[in-house]
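Before anything else, here's the structure in question.
Throughout, residue positions are numbered sequentially from 1 according to the sequence presented. Because the structure is predicted, anything quoted here is derived from the model rather than measured.
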Amino acid sequence: MPPIIAIVGRSNSGKTTLVTKLVHELVERGYRVATMKDSHRQPTFDSKDKDSWRHIEAGSTATALKTNDSIVVIRRAHVELDINAIAGLLGDEHDIVIAEGFKHSGVSKIEVHRVGMPLLDDDNKIIAYASQEPLDTTKRVLNIDDIPAIADFIEREIIFTPQQ
């Protein structure tokens with residue numbers, strides 16, 4: 001399984017912006033990147049009365065939607081899957097998985113910090129902070145606007161370092 005890094009932080013701290021910029025930077029460097037997002041909202045993946053919706057409503061535990069250039073798999077989750085199980089669903093052909101959210105997971109994390117927002121509770125899996133200001137911490141503080149430097153850090157600490 002590819003290594004996983006989680007980008008965590010408070011709501012509206014800039015997690016999605018950082019994830020998309022990191023994906024772009026890492027892809028430009030030649031990496032195959034997969035992403036996942038932990039959402040507390042119940043998103044709608046399919047519309048009522050569409051065939052795939054009807055399949056799931058009829059009791060199918062999983063259905064796949066195929067278009068000319070995409071496949072979307074919808075699965076019922078009867079138990080909560082951990083981050084590694086979800087990453088396993090993405091396949092092994094990636095060099096790294098970037099997870100947005102999953103702040104309670106056991107994987108290495110970079111916390112996004114914005115001026116005026118408090119940090120999350122202390123977490124020994126946070127390996128760095130991405131911030132616009134200096135922080136009083138012994139952990140690495142990365143400039144949130146320096147995407148190449150954050151990507152360098154991820155290469156050193158996650159991609160090139162065997163995960164435990």
Side-chain angles (χ1 to χ4, degrees), residues 1-45 67-75 77 80-164:
M1 179 172 355
I4 304 169
I5 181 75
I7 306 300
V8 300
R10 297 204 178 272
S11 181
N12 296 316
S13 60
K15 296 180 301 290
T16 301
T17 299
L18 181 57
V19 167
T20 57
K21 289 178 178 181
L22 284 171
V23 168
H24 179 76
E25 177 72 21
L26 291 167
V27 167
E28 285 289 314
R29 293 179 184 202
Y31 291 105
R32 295 165 299 161
V33 180
T35 60
M36 63 169 95
K37 179 173 173 57
D38 187 10
S39 177
H40 299 288
R41 293 186 207 120
Q42 185 62 36
T44 302
F45 293 107
T67 67
N68 289 338
D69 61 357
S70 300
I71 296 173
V72 175
V73 176
I74 301 170
R75 290 182 51 156
E80 186 160 344
L81 298 176
D82 72 7
I83 194 169
N84 291 307
I86 297 167
L89 297 173
L90 297 173
D92 289 332
E93 66 271 9
H94 312 288
D95 298 309
I96 187 168
V97 174
I98 300 176
E100 180 181 338
F102 296 92
K103 66 182 171 187
H104 298 295
S105 69
V107 302
S108 297
K109 302 172 187 118
I110 296 174
E111 181 178 337
V112 176
H113 170 262
R114 289 290 183 193
V115 175
M117 289 185 162
L119 295 173
L120 297 174
D121 295 331
D122 190 29
D123 180 343
N124 65 351
K125 289 296 188 174
I126 292 175
I127 60 173
Y129 295 94
S131 181
Q132 293 175 318
E133 65 181 349
L135 299 173
D136 184 18
T137 180
T138 58
K139 296 178 183 173
R140 182 81 184 268
V141 179
L142 304 161
N143 180 338
I144 197 165
D145 297 316
D146 191 349
I147 300 304
I150 299 172
D152 290 344
F153 179 81
I154 290 172
E155 280 182 323
R156 272 192 321 275
E157 300 296 323
I158 303 300
I159 297 173
F160 296 142
T161 302
Q163 301 300 295
Q164 302 177 17

Heavy-atom pair with the smallest gap, counting every atom of A130 and L18
CB-CD2, 4.0 Å
If the test is side chain to side chain contact (heavy atoms under 4.5 Å, CB included), which one of I4, L81, V97 qualifies with I86?
L81
To check you understand the geometry: which heavy-atom pair defines the closest contact between G116 and E133, and what is its length?
N-OE2, 4.3 Å
If you measure only the distance, is there a donor-acceptor pair under 3.5 Å linking the side chains of E157 and S108?
no
Within a 6.0 Å radius of atom CD on E80, are there more than 12 heavy atoms belonging to other residues, nucleotides or ligands?
no
How long is the span from the CG atom in D121 to the NE2 atom in H104, to the nearest 0.5 Å?
8.5 Å
For N12 against M117, the heavy-atom pair lying closest together
O-CE, 3.7 Å
Nearest atoms (heavy-atom pairs only) where K15 meets V8:
CD-C, 3.6 Å
Among I126, I150, I144, find the one that has a side chain to side chain contact (heavy atoms under 4.5 Å, CB included) with I110.
I150
Side-chain (R140) to main-chain (A128) donor-acceptor, under 3.5 angstrom:
no
Flag, side chain of S70 to backbone of T67, donor-acceptor distance under 3.5 Å:
no
Less than 4.5 Å apart, side chain to side chain, heavy atoms only: is that true for K37 and F102?
no
Between S131 and L142, is any pair of side-chain heavy atoms under 4.5 Å apart?
no
Nearest 0.5 Å, please: how far is CD1 in I159 from CD1 in I96?
4.0 Å
Quick check: closest heavy atoms across A87 and M1, and the distance to 0.1 Å?
CB-SD, 3.7 Å
Between OG1 of T137 and CD of E111, what distance do you get to the nearest 0.5 Å?
9.5 Å
Do L89 and M36 come close enough that some side-chain heavy atom pair is under 4.5 Å?
no
For K109, is there an ion pair with D123 - N to carboxylate O distance below 4.0 angstrom?
yes
What I want to find out is whether E155 reaches R29 closely enough, with some N-O distance under 4.0 Å, to be called a salt bridge.
yes
Rounded to the nearest 0.5 Å, the OH atom of Y129 sits from the NZ atom of K139 at a distance of 4.5 Å
Are K21 and E25 within salt-bridge range, i.e. N to O under 4.0 Å?
no
Distance in Å, L26 CG paired with R32 CZ, rounded so as to fall on 0.5 Å steps
13.0 Å
Residue pair Y31, H94: steps toward the side-chain contact (heavy atoms from CB on, under 4.5 Å) verdict:
CA-CA 8 Å; Y31 291 105; H94 312 288; over 6 Å; no
Mind checking whether D38 and E100 have side chains closer than 4.5 Å, heavy atoms only?
no
For a side chain to side chain contact (heavy atoms under 4.5 Å, CB included) with F153, tell me which candidate from I127, I5, D146 qualifies.
I127
Decide yes or no for L120 and R10: does some side-chain heavy atom of the first lie under 4.5 Å from some side-chain heavy atom of the second?
yes
Please give me the minimum heavy-atom distance between A151 and L22, naming the atom from each residue.
N-CD2, 4.0 Å
Let me confirm one number: the NE2-CG distance from H113 to L119, rounded to the nearest 0.5 Å.
5.0 Å
Candidate pair V33 and D95, rule side-chain contact (heavy atoms from CB on, under 4.5 Å), full reasoning:
CA-CA 6 Å; V33 180; D95 298 309; over 6 Å; no
